[in-house]
Every structure is written in C-alpha cells, then in structure tokens.
Amino acid sequence: MIGFDLSEEQLRYQKMARAFAEKEMKPYAAELDRRQDTVFDWAIVRRFAKANLLGLGVPQEYGGLGVDHLTGAVVTEELGAACMGMSEPAGGTWLATCCLTLVGNKDQKRRYLPLVCGENAALAGLAVTEPEAGSDMAAIRTRATKKGDHYILNGTKAFITNAGLAGFYIVFATTDPRKRHGGLNAFIVDGDAKGLTLGKVEEMMGLRASQTGELIFDNVEVPVANLLGVENTGFLIAMQTLDMSRPCMGASAVGVARSAFEVALVYARERKQYGRPIIRNQAIAFMLADMATEIETARLLTWKASWLIDQGMDSTMASSMCKVFATEMAEKVCSGAIQILGGQGYTRNSPVEKYYRDVKACQIYEGTNQIQRIIISSML
Amino acid sequence: MIYKEIGKKIQRAREELGLSQEELASRLGYTQAALSNYELGKRRLYLANIEQIARELNRPLSYFLEDSAVRAHAKQEEPQDETIAEIIRLLSELPATERKYLLEYIQWRRDRLR
C-alpha cells in the first residue's frame, strides 16, 4: 500500500531540523553569503557537530544518527530551506560517509566514520572531479601506483566541496588510464596526508558559506588498507554513491524552492498596487499555484527515490529524475519569486536572489542534469 | 542502468553453468525472488553481493563490472610495439619536411617488400 504520512520518528527529525535551521542557520545565512574573502567559518561545523548532523546517515554503532534515506531527505529539505550554502559542508561530508558506509569494510568504517560524529566532528569530502574529467569519469587522470603496501597518488582534483577542510577524503584515482572505467579506484585519504595540499579556492556565484576548491596530490602515500572495495571497482562505487546521494540534493533544492515560495506568497499578499494586494491578480496567483504544485511534485519524487533506496531497490532512474526535476523546478521557482517581488527581489533586501544563486549549483554538481538525462533515457 | 547490465551477466553465467535460479539462490543463501530481482536489475547489488556471486559462478569480478565497450577501448589503447612507439616519438621531433621525406622512404621500402 502507498502511504504518504511520515512516521513519528521522521516527524521528530523534521521538527528537530526545522528548529536547528531556524536557530543555528537562518540568522547567519545572509552575512555568510555576503563575505568577500574566502576564509571558511568553522562555527558552521561546530553548530552542525553539536547536533550530530554531520553524522546524519552514519550508523549509530559508529556514533552517527543513523537515519534512513527518507528521513535524511526530510531533514535535508529543512536545512536547504534555511541556507543551502551552510548545508554544503554537511552535504560534502554525507557524500563521503554514504560511500564509506556503502562499501567500506569494518576496519575502515571503525577508523573513519566516528571522525564525523559527535561534538568534535570533522568534515569529510568526496573527490571525483578533475580539471579535465567532469562528467566523463573515465577520463580521470589522478594516478594511483601500487608500491609495496601503499598506493602513491598523484594528480589534481577540482571543485571539491570541503577541499582543505576535511579530516578525510574519498578520492577516486586510476591505476591505469587505458582501462578507463575499469581502472578506477576509491581511496580513503587523510586530510593531513603528506603531499596533499589545497590548491585554488573557488570564488563562487552562490553557496558562499561553503568552501570549494582544488586538491593537489603530490606523491601522497595511501596504505593499501585504505582502498575501498576491491581494486578497480571504483566506477561502481562512484555510481552507487551518487545514486544514493541524489535524492538528498533534490530534497535540499525543494527546501530552497519552498523558502522562495514562502517569501513570494507573503509579499504577494501584502504588496498593494492599484489599491489591492497583487495576489488578487490571476497572473500572480497562478504563478504561486504553479510553484506550490511543482514543489509538492518534486518533494514526492525525492521521497519516492529515497524510499526505493531504503527498500534496497535500484533507485538509479528515480534518483536521476528527482535530481533533474527538483533542481530545475527550484531555479524556476526562485526566478518566479524574484519576479513577484519585482525590484525588491532583485536586491539584497530580500533573500530570494541568494536562493536563486545557491540553487543554480544543483544542476551542475553531482552529475550535471544533462548526465542525468542520459541515465534516464538509457533506461527508458 | 548498471544493475540491469550486471543482472543480465549473472543470468548468462548462471545459465552457462546449467544452474536454475533456485539452485544458485540456495547456494548463495538468497531467496529465489531476490536472485530474480538481481538478475532483472530491480534490486541494488552491493559490491559484496557481486563478489559472492562471482565466486559462486566461478567468474572474475571484472566479468560483471566491465562492459564490452570498455574492454574494447582498453585493447585499442594498448601500447604498440616499442619500435613503433620510438619511431613516433622521434618523428614528432623532426620538422615537417623531414617527416614527409621519411614517409616517402617508408612507402618506397614497403613497395619494395611487396
């Protein structure tokens, strides 16, 4: 049977996340967005860590909250609604822990998962993209050469969320570029590993509370014990991780859209032109009706994809659909909200221009929406 | 996408060994329905599952994970013999007129050997 009611536990998490977002995120969002320097604000991490939200999906036996994917989506929507930029450090961490939880062996999980849990939690990151290898993972050139009981990593990763901030990274590298997908491997690399340095930190259009940059690997030694899964199974590991994380991003986009919609709705009811609130014009009211409809549609899609994951089913198609639909819907809703607010919407007097800039990133990272369409169309 | 491809390979390898779904499922400790879902690509296959199935079907893990296109590509890009690699390297260092002269020489040698 189909049911759309959240469980008591899920409702409890939703309430907790909403309270956290109100108290620990919203008051700082605008200020962090306007910073012009690139110094990361560690207070974000401390607040998330205090609520153990960095360990959201980490199994309880390793110190995390251990929530399932649907609960994760519910929580992420609330955080996204407050500030997507401040959610990013957590989002980057979840990507890495999702991967580690999925394929790590007991020893790897025991050594690394507790690091992102509890009050002193560190961040983590997933490093796939390179300057010359974005959508085409098989073009990855970061090289892993086996030498005794270590792999030696050399190369550069680009656009990595939490670059330079994380306690550990899951890094994708190839043992043989000629093997393309078949040569890819995933390694756990300590954030303070010798030879690992932070390259350029990106100055971004949105998500300005977060840090994204380059990671440079210069003869970084990684113990064989830190290879995830079996040698040369990195492509499968990356695909599975991304399939499982996409609904979370969809949920975050739903959160942003919801916030933009709420601002637009309040404004449309209050703003008077020609002697009456502008919401009395069908042109505006219908825009709001469409926004509400599409937000609800996207939410259901993210819930369905999350549910499939929790059932152990293949979620590939639903995950890609929810990523495409939710992220494009969110940009459209934010754009509509700016339109309804008019001149006010285009200024920093209201948060909707920030929502718009933040949410645009979602169509690009974790597999562009064009790649998602390749995945969906190949499964039709 | 991935699971469907892997699922088909599981089915093929199983059939080649003359095993029924029930037989393989019982060896793996799965229900027949679960194995059927794996073969149809409906259920998410964890790496550990694929490893276990590969062992039971006596196939290398790569049989299930690498698609034929990837294997063909890898083969295409295999290094040529050392002499050819050295010729290409040295040729690239020469000016264009010299390269053209050498090409004509190679064509002349080839024609003589025919």
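Throughout, protein chains are lettered first and strands after them, A, B, ... in sequence-line order, and every chain is numbered starting at 1. Below, all heavy atoms of this structure are taken into account, side chains as well, without hydrogens, waters or symmetry copies.
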Worksheet entry | Within 6.0 angstrom of B:R112 CZ, more than 12 heavy atoms from elsewhere | no
Discussion item. Show, in sequence, the C-alpha distance, side-chain angles and deciding distance for B:I50 and A:L236, and conclude whether the side-chain contact (heavy atoms from CB on, under 4.5 Å) test is met.
Written reply: CA-CA 11 Å; B:I50 309 173; A:L236 177 78; 3.7 Å; yes
Response to the item:
With chain B, the option among A:D243, A:D176, A:T233 that has the most non-hydrogen atom pairs under 4.5 Å is A:T233
Worksheet entry | B:R44 side chain vs A:S315 backbone, donor-acceptor pair below 3.5 Å | no
Discussion item. For chain B, which candidate among A:V230, A:V103, A:N232 shows the most heavy-atom pairs at distances under 4.5 Å?
Written reply: A:V230
Worksheet item: If you count the non-hydrogen atoms of other residues, nucleotides and ligands that lie under 6.0 Å from CG in A:D107, is the total more than 12?
Response: yes
Practice prompt. Can you measure from CG (A:D314) to CG (B:L40) and round to the nearest 0.5 angstrom?
Written response: 11.5 Å
Worksheet item: With only heavy atoms counted, which part of A:M244 is less than 4.5 Å from chain B, the side chain, the backbone, both or neither?
Response: side chain
Worksheet entry | Rounded distance [0.5 Å steps], OG in B:S62 versus CD in A:E231 | 11.5 Å
Worksheet item: In this structure, are over 12 heavy atoms from other groups packed under 6.0 Å from A:E132 atom CD?
Response: no
Worksheet entry | Heavy-atom donor-acceptor pair, B:E51 side chain to A:G229 backbone, under 3.5 Å | no
Fill in: A:T316 vs B:I2 side-chain heavy atoms within contact, under 4.5 Å
no
Practice prompt. Could you tell me whether B:K42 atom NZ has more than 12 heavy atoms of other residues or ligands within 6.0 Å of it?
Written response: no
Worksheet item: Do A:M313 and B:Y3 come close enough that some side-chain heavy atom pair is under 4.5 Å?
Response: no
Fill in: Nearest-0.5 Å distance that lies between atom CG in A:L184 and atom CG in B:L65
11.5 Å
